[in-house]
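Quick notes on the structure that follows.
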Amino acid sequence: IHAANSGDSQAGKGKFLLPGATAAVLVMLGALHARRMYDDKKVVQRKEKGIEPEFSPDFKASLIRLLPLRSMSRFWGSLMEVDIPVFMRPTIYKAWARAFHSDLQEVALPLEEYPSLQAFFVRSLKEGARPIDPDPNCLVSPVDGKVLRLGELRGPGTMIEQVKGFSYSVASLLGTSSSLHDAAEEELSREHIEQSTPENSNAKSWWRVSVASPKLRDQTVLSPKKGIFYCVIYLHPGDYHRVHSPVDWNILKCRHFSGHLFPQNERAIRTVRNLYVENERVVLEGRWKEGFVAIAAIGATNVGSIRVNLEPELRTNRAVSRMVHSLPPEERVYEPEGTGVVVKKGEEIAGFKMG
Amino acid sequence: STVVVVFEAPAWKWKAREDGTFSSASGDFGFCVRPGDKVRAGETIGR
């Protein structure tokens with residue numbers, strides 16, 4: 001930093017290449033980054049020992065709310081849409097693939113044919129690159145990614161654990177009518193709950209049956225009971241970013257929640273409360289042969305846009321004011337009511353875009 | 001970006017024994033993956 005380190009000490013004396021304040025900021029940033037790397041390493045080590053990371057809200061998580069994340073996301077998206085000269089494309093996409101562990105062998109087109117990083121990011125795959133398990137009794141992964149959480153929802157709270165020490169409400173995530181949730185809680189408080197059986201449950205009572213099931217199971221013989229299960233899958237930047245149908249089902253509704261665009265890395269999951277419930281997302285809800293099914297595609301800062309094949313007009317990550325976060329979701333009900341749109345297992349239903 | 005799948009599936013089935021007690025029978029849903037596993041679109045995650 002100091003010019004006096006080289007050459008004439010008289011000439012260099014007192015002359016800095018960087019102003020003192022800038023140098024101090026750089027040193028501070030370096031220290032913060034080192035601290036962050038140290039913290040992340042500690043988390044990895046604890047995970048290897050089988051110790052789950054715990055929720056620890058911090059000051060930075062509060063500050064992040066003040067950042068114009070939507071504008072940043074949109075700017076990032078427009079940068080990624082800039083056309084790259086043809087001769088540079090293979091080099092850039094190979095570098096991206098190396099950085100984010102993408103498999104270039106399964107890319108549908110030659111690399112030169114993707115005009116921008118955005119086009120490369122939303123790429124399709126070669127025919128047969130993702131074989132679909134044909135077993136009618138199985139549920140397949142809708143995306144490429146890493147399983148973060150899975151399990152069965154139990155009890156009146158019906159919460160999914162974001163990280164040890166903090167959970168979020170499934171009703172809030174999916175935007176399922178609060179009346180259903182209220183009905184479930186009312187049902188629990190009634191003495192005659194055992195009169196209910198899954199056979200008389202209708203399309204709207206999945207929640208009630210699920211919550212009531214601990215009491216129901218003691219009352220019924222040879223009667224298959226239903227549970228509500230969940231699976232949370234995180235997509236890395238290098239992953240294939242299209243969403244496929246996990247089962248044969250009927251999509252009945254589509255909801256779009258215009259929320260924040262917080263990042264979704266492991267650090268954010270550990271520090272930002274209600275991360276998934278607050279972020280912009282699209283929920284497809286319907287029924288399969290076993291009952292209710294819903295998929296929530298949740299955007300992040302760098303991957304903020306969600307495209308839904310059934311809704312070509314839907315625009316996500318729009319330039320909107322902060323107030324829009326408190327608005328109710330836009331909901332679309334598919335006709336004919338109760339049947340909706342039939343979708344086969346493995347069929348592409350949605351996708352993510354950068355920015 | 002993240003995807004959350006929420007779905008209903010058979011959770012348990014109770015069968016009456018001859019002595020009048022109950023036992024659970026097969027047919028329950030079970031996951032084939034665990035947290036931390038990498039999955040690809042189309043791979044079975046539960047059966």
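All chains are named by letter (A, B, ...) in the order of the sequence lines, taking the proteins before the strands, and each is independently numbered beginning at 1.
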Practice task
Could you tell me whether the side chain of A/E290 and the main chain of B/A9 form a donor-acceptor pair under 3.5 Å?
Solution key: no
Practice task
Apply side-chain contact (heavy atoms from CB on, under 4.5 Å) to A/E106 and B/R40, showing your working.
Solution key: CA-CA 13 Å; A/E106 59 184 22; B/R40 304 215 299 175; 3.4 Å; yes
Fill in the blank from the handout: Which of A/H241, A/Q264, A/H236 passes side chain to side chain donor-acceptor pair (under 3.5 Å) with B/S1? It is A/H241
Practice task
List the atom of B/V5, the atom of A/P246, and the distance in Å for their closest heavy-atom pair.
Solution key: CG1-CG, 4.4 Å
Handout entry: Top contributor to chain B contacts, counting heavy-atom pairs under 4.5 Å, from A/A300, A/G304, A/A129, A/G145
Key = A/G145
Practice task
Hey, could you give me the CD/CG distance between B/E43 and A/L139, rounded to the nearest 0.5 Å?
Solution key: 13.0 Å
Exercise for the section: Compare every heavy atom of B/V39 with every heavy atom of A/S141, then report the nearest pair and how far apart it is. Expected result: OG-CG2, 3.5 Å
Fill in the blank from the handout: Among residues 347-355 of chain A, residues within the sub-4.5 Å heavy-atom range of chain B, in order of number, are A/F352
Practice task
Kindly indicate, with the supporting measurements, whether the criterion side-chain contact (heavy atoms from CB on, under 4.5 Å) is fulfilled by A/D133 and B/R47.
Solution key: CA-CA 11 Å; A/D133 190 333; B/R47 200 177 293 278; 3.3 Å; yes
Exercise for the section: Please report the shortest heavy-atom distance between B/V3 and A/A297, naming the atom on each side. Expected result: CG2-CA, 4.3 Å
Problem - A/K289 atom NZ: more than 12 heavy-atom contacts under 6.0 Å - result: yes
Practice task
Tell me, for A/L284 versus chain B, whether the close heavy atoms (under 4.5 Å) come from the side chain, the backbone, both or neither.
Solution key: neither
Handout entry: Atom group of A/N302 that falls short of 4.5 Å from chain B, counting heavy atoms
Key = neither
Exercise for the section: Side chain from CB out, backbone as N, CA, C, O: work out which of these in A/P142 comes under 4.5 Å of a heavy atom of chain B, or both, or neither. Expected result: both
Practice task
Would you mind telling me which of A/I233, A/I295, A/D239 has the largest number of heavy-atom pairs within less than 4.5 Å of chain B?
Solution key: A/I233
Problem - Portion of A/I160 that has a non-hydrogen atom of chain B nearer than 4.5 angstrom - result: side chain
Exercise for the section: Evaluate the side-chain proximity of A/Y276 to B/T2: yes if any heavy-atom separation is below 4.5 Å, no if none is. Expected result: yes
Fill in the blank from the handout: Counting heavy-atom pairs under 4.5 angstrom with chain B, the leader among A/A294, A/G346, A/G299 is A/A294
Handout entry: Heavy-atom pair count under 4.5 Å with chain B, highest-scoring of A/R149, A/K146, A/R242
Key = A/K146
Completion exercise
Note: B/R34 and A/V147 closest approach over all heavy atoms is O-CB, 3.7 Å
Exercise for the section: Please round to the nearest 0.5 Å and tell me the distance separating atom CG of B/D37 and atom CG of A/L150. Expected result: 8.5 Å
Completion exercise
Rounded to the nearest 0.5 Å, the CG atom of A/N137 sits from the OG1 atom of B/T44 at a distance of 11.0 Å
Practice task
Return the option, out of B/C32, B/A41, B/G46, with the maximum number of heavy-atom pairs under 4.5 Å with chain A.
Solution key: B/A41
Completion exercise
The interface call for A/W288 against chain B, heavy-atom contacts under 4.5 Å, is side chain
Practice task
Evaluate the ring planes of B/F29 and A/F229, with Trp represented by its six-membered ring, and classify them as parallel (under 30°), tilted (30 to 60°) or perpendicular (over 60°).
Solution key: tilted
